[in-house]
Amino acid sequence: MSQVTDYSEKVMDHFSNPRNVGEIEDASGVGTVGNAKCGDIMRMYLDIDENQVVRDAKFKTFGCGAAIATSSMATELVKGKTVQEALEVTNKAVMEALDGLPPVKVHCSLLAEQAIHAALWDYAEKNNITIEGLKPPVNDIDETEEYYQMTGE
Amino acid sequence: MDRLIYMDNAATTRVAPEVLEAMLPYFGGEYFNPSSTYKAAGKVAEKTAGVKETIAGILGCRAKEIFFTAGGSESDNWAIKGVSDALKDKGNHIITTAIEHHAVLHTCEFLEKHGVEVTRLPVDENGFVKPRELEEAIRPETILVSVMFANNEIGTIEPIAKLGKIAHSHGVLFHTDAVQAFGHVPIDVEKMNIDLLSASAHKFNGPKGVGFLYVRSGTKLSNLIHGGAQENGRRAGTVNASGIIGLGKAAELFAAGMEETASYEAALRDRLIKRVLEEIPYTRLNGDPVHRLSNNANFCFRFIEGESLLILLDQNGICASSGSACTSGSLDPSHVLLAIGLPHEIAHGSLRLTISKETTQEDVDYTVDTLKKIIERLRGMSPLYEDFVKNKEK
């Protein structure tokens, strides 16, 4: 469960040397998901250019090793992608890129996906645009899980 | 990092070299089953019987009141299920506390499914059970009070003698899970009004998989493990001779130097606590500052999560433990930290460091220095800390 040995080398790498930690001043979009009660909070900052391409992504995360690793990987995956492509960075994509997660940590990858969506939602609202297929963010991991159960994923 | 700094002695301890040496012959030349009739086996039986004398000397009881088990969890299970069964005609109510080890709590939950009623006493902010609250919880149908001697997470030492006295004044049996205490603090079962006591060898430099239950003579207790006639027919199963002999040696060793060890550990523990509280901001000590195990320090660091902390400590050669949800395998952080009134978000950032007489001041200082760097790094990544700092600046 909490055993380091249950984490893949990639997870340990992204936890030990997380990419893109920090904040972006005047970010195009910021999203915060999760809650402190459950022990995971992720905040993602996106810098998006006029062509709707993610120029930069940063994160701050309060949480376990997997929460930090999934945040790091999620920022890596969205960088250079268009807004529409970034929306397709799912929890599965984050997990696959990390060579998997222990079953009890799968919710961390859901949180990473939600963080991307929340930041994109913020960007869309600020710019008064609609991103096709983007749903309003859910600010609680429990609700997120219910949400996924509801949508049958 | 070649060196391993072991700060998790509440999880288990190193088998003392003298203990290992005492055990080895019983895997080799003296492999006989102590229950057999021939002389060679008799010598082993004498040796294991001698261990009961050693323990009896430490607890102030009689050797025939000591029953060997496979460890602390078995002893707790036996005491609670055994009393519940033996006294089912007298009553069906057990009183325990909110901060017990799972070996007690889950045993009680099991009994609840079989019609037993369980009261879990709350504790105060330092983890103490209030004697008055025990008094008020006792009912005519109460058959057992079970309160741990010292808490495994926060190290608080409970007022056992007082609690035992209250139980006895109502004619109720008193059990204590002394797994963290036996081998570390003086225990006298007479003066402390204890009827049943659980202990485990690996918590005091003995081997894993062996412990004992003290059962006061005349205590009504059903058997847990049925089978052969070992342990006076009370606990079946081939006698774990080497383990018991290791337990005995470990008990002899601590009995000879308990005071010295405790004062050495307490001084180091206090240095650890003082440095952490002074040098790392937004930190709290969990448990009582005075009435706590000499080897235990437990902290909460705000804005960070325990598992991340443990992994980074591990990468720096430091072994420790945490009560965060991620380390408990559930969504909730430690039940002990919640019971002392900490909110979830604070409890997630807990760290337990438990030292031993082998821990040096250098180990403690290296741990604090490393901890400072790690916490700064994790706070630098934490959105909670970011918000906290921004709100403070406003």
Contact summary for [X] and [Y], nearest pair of heavy atoms:
X	Y	value
B:G380	A:V21	O-CG1, 4.5 Å
B:M381	A:P18	CE-CG, 3.8 Å
A:M12	B:I311	CE-CG2, 3.6 Å
A:G65	B:S308	N-OG, 3.7 Å
B:E305	A:C64	OE1-CA, 3.1 Å

What part of [X] lies closer than 4.5 angstrom to a heavy atom of chain B: side chain, backbone, both or neither?
X	result
A:A67	neither
A:I68	side chain
A:S71	neither

Under the ring pair (Phe, Tyr, Trp, His ring centres under 6.0 Å) test, which residues partner B:Y385, sequence neighbours left out?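 Here the qualifying residues are B:F303.
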Inter-chain contacts: residues 42-52 of chain A against chain B, heavy atoms under 4.5 Å: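 Within residues 42-52 of chain A, the residues that come under 4.5 Å of chain B (heavy atoms only) are A:R43, A:Y45.
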With a 4.5 angstrom heavy-atom cut-off, is it the side chain or the backbone of B:R379 that approaches chain A, or both, or neither?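 It is neither, since no heavy atom gets under 4.5 Å.
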Which pairs with one or both residues in residues 337-353 of chain B pass salt bridge (Lys or Arg N to Asp or Glu O under 4.0 Å), sequence neighbours excluded?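 Matches after skipping sequence neighbours: B:D8-B:R352.
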Got more than 12 heavy atoms from elsewhere within 6.0 Å of NZ, A:K126?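 Result for NZ/A:K126: enclosed.
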Any chance you could measure B:L378, atom CG, to A:T61, atom OG1, to the nearest 0.5 Å?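 Taking CG in B:L378 and OG1 in A:T61, the distance rounds to 11.0 Å.
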Rounded to the nearest 0.5 Å, what separation is found between the CD atom of B:E307 and the CZ atom of A:F15?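 Atom-to-atom, B:E307:CD and A:F15:CZ are 7.5 Å apart.
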Partners passing salt bridge (charged side-chain N to carboxylate O under 4.0 Å, His left out) against B:K390 (at least two apart in sequence or in another chain):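 Result, salt bridge (charged side-chain N to carboxylate O under 4.0 Å, His left out) vs B:K390: A:E23, B:E386.
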Under the criterion side chain to side chain contact (heavy atoms under 4.5 Å, CB included), I'd like the reasoning laid out for B:H344 against A:N35: C-alpha separation, chi angles, the key distance, then a yes or no. CA-CA 10 Å; B:H344 280 67; A:N35 72 53; over 6 Å; no
